[in-house]
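Quick note: residue numbers are just sequence positions, from 1.
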Amino acid sequence: MTPAENTVKCVVWDLDDTLWDGTLLEGDELRVPDANRTLVRVLDEHGILQSVASRNEPGPVEDRLRGFGLDQYFLHPQVGWSAKSASLRTLLEALNIGADSVLFVDDSEFERAEVAGELPEVRCVTREKLHELVAGGRVLPRRVTADAARRREMYQAEDRRRGHEEKFQGPAEEFLSSLDMTLRVRDVAEGDLDRAAELTQRTHQLNTTGITFDRDELAELARDPGHRVLIAELDDRFGSYGTIGLAVLSTGPEWTIRLLLMSCRVMGRNVGSALIAALARTAAAHGARIVADFRPTDRNRQMLVTYRFAGFAVVSRSEDRVVLAMPDGRIPVVPGYVRLITEDTAALSGPTQEITR
């Protein structure tokens with residue numbers, strides 16, 4: 001399989017005579033070629049993760065990478081005397097990505113062969129071949145969403161977040177409050193459509209109906225006065241989770257939630273009820289009653305529980321569809337551990353912004 005036929009999610013660099021010219025342990029005067037320095041930045045801007053697998057001492061490597069101003073680009077660098085294939089296995093687990101999404105770059109034919117023998121799905125190339133593949137349009141994605149452009153930063157934020165969670169002792173709600181989360185709900189914009197379509201195609205567990213939309217279909221719904229397409233973005237004290245939620249509603253005297261989904265990235269953050277509250281409050285501001293469709297699958301029962309927990313009651317039920325409605329006059333409460341910002345560009349009185357807390 002060639003890189004053109006598969007998606008590259010991560011480039012793993014060897015260091016000596018690969019990322020930089022020279023050998024650290026031999027005391028060479030090291031130099032990072034301008035082409036490599038530029039490529040590291042370009043890969044990062046296109047949402048491709050990068051790391052290091054090097055046979056060296058960790059301390060001096062950290063100092064050199066910091067000195068070259070490149071240390072922030074590499075996630076979970078693997079520096080030591082293990083086999084390169086062992087380093088890559090550790091890295092795949094840390095990043096939770098598949099071997100077939102990795103390009104391993106090393107000047108040593110022996111190291112490339114060792115990795116290829118142990119991890120045949122990893123593609124092993126020289127740095128010259130990497131530059132050739134990038135120039136030939138076989139590595140970078142054609143479109144870069146806002147979330148992809150900050151993918152490395154989101155991984156780093158998640159590492160800090162996980163460290164906080166491991167150390168935290170106390171009730172779950174206190175932990176959620178300690179995150180200082182802000183959920184922003186707004187109408188989808190042109191630049192959000194690729195990520196929104198991706199969410200409908202990749203999210204199965206926290207998905208109320210399993211309906212998928214491509215980019216053009218979502219754009220058409222966003223332009224349709226009989227529909228609203230809303231996205232949700234989440235941040236906390238450690239950084240951004242990016243775009244984590246999507247809702248597609250038909251509007252009128254009664255607003256129907258045709259699709260509501262949340263990225264598995266925020267599982268355990270309990271922000272689904274806050275998103276539902278945002279939808280219900282927006283519908284109420286337009287004088288509309290809100291109802292919701294739910295189509296059961298073997299994986300999405302949690303979303304039915306989320307609707308019921310938010311106050312929706314079952315109106316009708318068939319084998320493949322449940323219709324729920326919010327009782328008249330009831331507005332879901334926003335959980336105290338999340339600050340909700342709801343922007344409504346279609347409000348009757350003009351664009352509005354409601355902030356809880």
Side-chain angles (χ1 to χ4, degrees), residues 183-188 192 196 199-200 203 206-211 213 217-218 221-234 243-263 266 270-297 300-318 320-336 338-357:
L183 183 72
R184 181 184 296 272
V185 181
R186 61 174 175 81
D187 287 289
V188 72
D192 304 314
L199 279 171
T200 75
T203 306
L206 304 182
N207 185 324
T208 56
T209 57
I211 301 173
F213 297 102
E217 289 170 331
L218 287 172
L221 288 169
R223 291 190 297 268
D224 180 1
H227 280 85
R228 296 287 294 272
V229 181
L230 303 173
I231 61 166
E233 301 160 310
L234 184 66
T243 302
I244 53 85
L246 174 72
V248 178
L249 304 96
S250 61
T251 60
E254 186 173 88
W255 285 25
T256 299
I257 306 173
R258 297 178 57 195
L259 170 66
L260 173 67
L261 60 81
M262 307 284 294
S263 168
V266 295
N270 293 357
V271 292
S273 55
L275 176 53
I276 290 173
L279 304 181
R281 295 164 85 95
T282 303
H286 287 257
R289 178 172 180 255
I290 190 161
V291 302
D293 285 343
F294 176 80
R295 295 185 181 278
T297 70
N300 70 346
R301 180 170 174 77
Q302 184 175 341
M303 293 304 282
L304 178 60
V305 173
T306 302
Y307 271 141
R308 297 300 304 275
F309 188 75
F312 277 80
V314 174
V315 174
S316 65
R317 186 189 297 268
S318 63
D320 62 352
R321 184 187 181 202
V322 180
V323 178
L324 306 101
M326 183 65 67
D328 291 340
R330 179 167 180 174
I331 300 295
V333 175
V334 180
V338 59
R339 178 172 179 256
L340 175 64
I341 301 176
T342 307
E343 299 176 0
D344 185 3
T345 57
L348 300 177
S349 58
T352 63
Q353 183 182 75
E354 181 188 23
I355 303 176
T356 65
R357 265 208 302 138

> What do the steps show when you test Val185 against Ile231 for side chain to side chain contact (heavy atoms under 4.5 Å, CB included), and what is the final call?
Replying inline: CA-CA 6 Å; Val185 181; Ile231 61 166; over 6 Å; no

>> Using the rule given for side chain to side chain contact (heavy atoms under 4.5 Å, CB included), can you reason through Leu260 versus Ile276, listing the C-alpha separation, both sets of side-chain angles and the distance that settles it, and then say yes or no?
In response: CA-CA 9 Å; Leu260 173 67; Ile276 290 173; 3.7 Å; yes

> Considering only heavy atoms from C-beta outward, does the side chain of Pro296 approach that of Arg301 to under 4.5 Å?
Replying inline: no

> Do you know which two heavy atoms are closest between Arg289 and Ala325, and how far apart they sit?
Replying inline: NH2-CB, 3.2 Å

>> Please find the pair of heavy atoms, one from Ala222 and one from Val229, that lie closest to each other, and give the distance.
In response: N-CG2, 3.9 Å

>> Nearest 0.5 Å, please: how far is OG1 in Thr306 from CZ in Phe294?
In response: 9.5 Å

> Between Asn207 and Met303, does a side chain to side chain contact (heavy atoms under 4.5 Å, CB included) hold up when you go through it step by step?
Replying inline: CA-CA 7 Å; Asn207 185 324; Met303 293 304 282; 5.6 Å; no

>> If I take atom CD1 from residue Ile211 and atom OG1 from residue Thr200, how far apart are they, to the nearest 0.5 angstrom?
In response: 10.0 Å

> Taking all atoms of both residues into account, what is the closest heavy-atom pair of Val271 and Leu183, and its distance?
Replying inline: O-CD2, 4.1 Å

> Under 3.5 Å, is there a donor-acceptor pair between the Asp293 and Thr209 side chains?
Replying inline: no

> Do the side chains of Val315 and Val291 get nearer than 4.5 Å, heavy atoms only?
Replying inline: no

>> Name the residue from Arg186, Arg281, Arg184 that meets the salt bridge (Lys or Arg N to Asp or Glu O under 4.0 Å) definition with Glu343.
In response: Arg184

> Is any side-chain heavy atom of Val323 closer than 4.5 Å to a side-chain heavy atom of Val314?
Replying inline: no

>> Name the residue from Thr282, Thr251, Asp344 that meets the side-chain hydrogen bond (donor to acceptor under 3.5 Å, both in side chains) definition with Arg228.
In response: Asp344

> Between CG of Leu199 and CG of Leu259, what distance do you get to the nearest 0.5 Å?
Replying inline: 9.5 Å

>> Do Val248 and Leu218 make a side-chain contact, defined as non-hydrogen atoms from C-beta onward lying under 4.5 Å apart?
In response: yes

> Is there side-chain contact between Leu206 and Asn300, with at least one heavy-atom pair below 4.5 Å?
Replying inline: no

>> Rounded at 0.5 Å granularity, tell me how far CG in Leu221 sits from CZ in Phe213.
In response: 5.5 Å

>> Using the salt bridge (charged side-chain N to carboxylate O under 4.0 Å, His left out) criterion, which residues pair with Asp224? Sequence neighbours excluded.
In response: none

>> Between Thr203 and Met262, is there a side-chain heavy-atom distance shorter than 4.5 Å?
In response: no

> Hey, are the side chains of Leu261 and Thr208 touching, using non-hydrogen atoms and a 4.5 Å cut-off?
Replying inline: no

>> I'd like to know whether Leu304 forms a side chain to side chain contact (heavy atoms under 4.5 Å, CB included) with Arg295, so could you lay out the CA-CA distance, the side-chain angles of the two residues, the decisive distance to 0.1 Å, and finally the verdict.
In response: CA-CA 9 Å; Leu304 178 60; Arg295 295 185 181 278; over 6 Å; no

>> With a 4.5 Å cut-off on side-chain heavy atoms, are His227 and Leu249 touching?
In response: no

